[in-house]
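For reference, the structure is listed below as structure tokens.
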There are 2 protein chains.
Amino acid sequence: MTARRPRQLNPRKIPRQARSEATVRAIFEATIQVLLQLGFARLTTTRVAERAGVSVGTMYQYFPNKEALLHAVVSHYLDRVAAAVEESCARTMGKPLGTASDALVSAYVMAKCGDIAASQALYRASSELEVSEPVTAAFGRLNRAAARLLGSAPDAAFEDIEDVAFSLVAALTGATRVAIENNADRRGLDAFHRKMLEMSRAFLHSASMARSRQSAVRDERPVP
Amino acid sequence: MTARRPRQLNPRKIPRQARSEATVRAIFEATIQVLLQLGFARLTTTRVAERAGVSVGTMYQYFPNKEALLHAVVSHYLDRVAAAVEESCARTMGKPLGTASDALVSAYVMAKCGDIAASQALYRASSELEVSEPVTAAFGRLNRAAARLLGSAPDAAFEDIEDVAFSLVAALTGATRVAIENNADRRGLDAFHRKMLEMSRAFLHSASMARSRQSAVRDERPVP
DNA sequence: CTAATATGTGAAGTGGCCTTCATCTTGTGG
DNA sequence: CCACAAGATGAAGGCCACTTCACATATTAG
């Protein structure tokens with residue numbers, strides 16, 4: 001419940017030389033690799049450092065503790081996904097509903113499937129260990145982007161955009177998670193992608209039509 | 001990947017007297033409570049035993065290790081959810097597509113929301129700690145039940161029932177997870193429930209119509 | 001080139017948690 | 001009522017991971 005942060009999560013020191021930047025990158029990648037190969041339960045600071053080719057002490061120079069490490073890795077990854085979706089939404093503002101729907105779905109699915117290994121690894125990490133805050137933040141960004149996009153479609157009108165956007169994004173993100181966890185091969189994911197395009201379009205048209213019918217009865221004046 | 005099971009997961013002993021059955025129940029409930037109040041990372045065998053009002057040794061008489069405990073709790077919970085959905089599907093076989101869709105969605109959402117606390121707690125646990133096997137099993141049951149249900153609808157025909165069922169169940173389960181994790185109040189969940197009913201109907205009708213159009217073109221002979 | 005600063009090292013300390021087992025208590029069949 | 005089985009106890013062992021810190025090495029500035 002309470003998003004308490006009893007521990008320091010900010011980097012203890014920021015990289016100033018090229019050498020240390022490479023170190024931090026190596027630690028990031030090592031974290032994902034360990035997560036993938038050994039799972040969260042067997043991810044230890046020593047193992048990550050070893051895999052990254054640095055000593056444990058080095059790791060603790062940039063991340064005050066293990067939790068901060070996971071937090072950083074998850075946040076960095078979610079940032080990229082959210083940014084990709086936001087950008088796609090921005091490019092599609094004002095387009096018809098079907099186009100907007102496709103853009104939203106494809107941007108998300110492709111961002112997640114661009115690096116399936118990383119996605120799988122981070123689903124494992126993000127689920128537990130108090131990293132729920134960056135997950136919630138990223139979800140909020142998707143939610144807002146979707147709501148704005150839907151609101152901008154000229155051929156649609158929703159009476160409860162918030163609920164529609166929430167449900168759509170929940171279905172999209174949740175289903176993608178299930179698909180990636182259960183069905184990692186490209187073929188299955190392609191089929192899944194197509195079905196999600198269809199599901200989103202169908203849902204949005206249905207939700208939009210419901211409004212049209214009602215508004216046509218209630219008041220006739222067109223939207224400004 | 002490999003579903004290795006290096007550790008014994010079966011109960012070390014099964015309860016024979018009423019006393020011990022109560023003990024096991026108490027341990028189950030204590031596990032959920034600890035999970036909810038302290039999170040997975042701080043769930044320890046000692047704490048669960050303490051909360052259950054028994055000693056650690058007692059716990060180890062029924063569960064050979066911590067992992068087995070979590071496995072048992074998660075499996076038990078998922079069994080109930082899967083059974084509820086299967087039963088609802090069985091009752092709805094042969095009904096029109098819209099009815100079937102509603103039954104599937106409502107059965108799942110209500111099973112999950114019946115005990116929101118437990119659902120939240122178990123989402124935390126099931127994500128990590130090698131309990132993915134019961135999750136996969138339950139998902140498979142839902143998937144098969146959905147596929148059979150869709151196949152039985154007299155007013156629908158799908159060219160790829162497997163993909164449709166998979167995507168629908170993925171969206172349903174994934175979205176519900178997101179909703180429960182993000183949005184625990186009853187009001188929001190009710191709105192979510194309604195939207196999922198709408199999404200499922202819209203998707204299924206769309207997927208079914210696509211088939212109708214194609215089959216009408218390709219061959220005219222009715223399905224046997 | 002030298003001092004100052006940034007970065008890297010890894011053995012050792014510390015604490016917590018899982019698990020065991022010798023022993024005690026409670027229930028049951030004869 | 002007794003003996004045997006089932007159930008319960010919890011202190012102690014052992015293991016393992018996180019984290020620290022005194023010291024070594026590399027880089028940069030002047």
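Heavy-atom basis, side chains included; hydrogens, waters and symmetry copies ignored. All figures in this text were calculated on a predicted structure; none of them were measured in a lab. Chain letters run A, B, ... following the sequence lines, proteins first and then strands; every chain starts at 1.
Under the 3.5 Å distance criterion, the side-chain polar atoms of N65(B) are matched with a main-chain donor or acceptor of E67(B).
With sequence neighbours left out, A107(A) forms a side chain to side chain contact (heavy atoms under 4.5 Å, CB included) with V85(A), S88(A). Under the side chain to side chain contact (heavy atoms under 4.5 Å, CB included) criterion, D190(B) pairs with R194(B), sequence neighbours left out. Applying the side chain to side chain contact (heavy atoms under 4.5 Å, CB included) rule to R187(B) yields the partners D185(B); only residues at least two apart in sequence or on another chain are considered. For A117(B), the side chain to side chain contact (heavy atoms under 4.5 Å, CB included) partners two or more places apart in sequence, or in a different chain, are L36(B), D115(B).
Atom pair Q17(A):CD and dT7(C):P shows a separation of 5 Å (rounding to whole Å applied). Computed from coordinates, the N65(B) CG to dT19(C) P distance equals 5 Å when rounded to whole Å. Nucleotide dA17(D) holds its C1' atom 15 Å from the CD atom of E67(A), rounded to whole Å. At whole-Å resolution of the value, CD1 in I27(B) and C1' in dA8(D) are 11 Å apart. Separating the CZ atom of F40(B) from the C1' atom of dC18(C) is a distance of 13 Å, rounded to the nearest angstrom. Note: CD (E50(A)) to C1' (dA17(D)) measures 14 Å, nearest angstrom. As a whole-Å value, the separation of L70(A) CG from dC18(D) C1' is 13 Å.
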Give every donor-acceptor pair under 3.5 Å between a side-chain atom in residues 141-151 of chain B and any protein atom, sequence neighbours left out.
unit_1: R141(B); atom_1: NE; unit_2: E86(B); atom_2: OE2; d: 2.9
unit_1: R141(B); atom_1: NH1; unit_2: D79(B); atom_2: OD1; d: 3.0
unit_1: R141(B); atom_1: NH2; unit_2: E86(B); atom_2: OE1; d: 2.8
unit_1: N143(B); atom_1: OD1; unit_2: F166(B); atom_2: N; d: 3.4

Original post:
Can you give one letter per nucleotide of nucleotides 8-17 of chain C, 5' to 3': B if a protein heavy atom sits under 4.0 Å from the base, S if only from the sugar-phosphate, - if neither?
Top reply: BBB------S
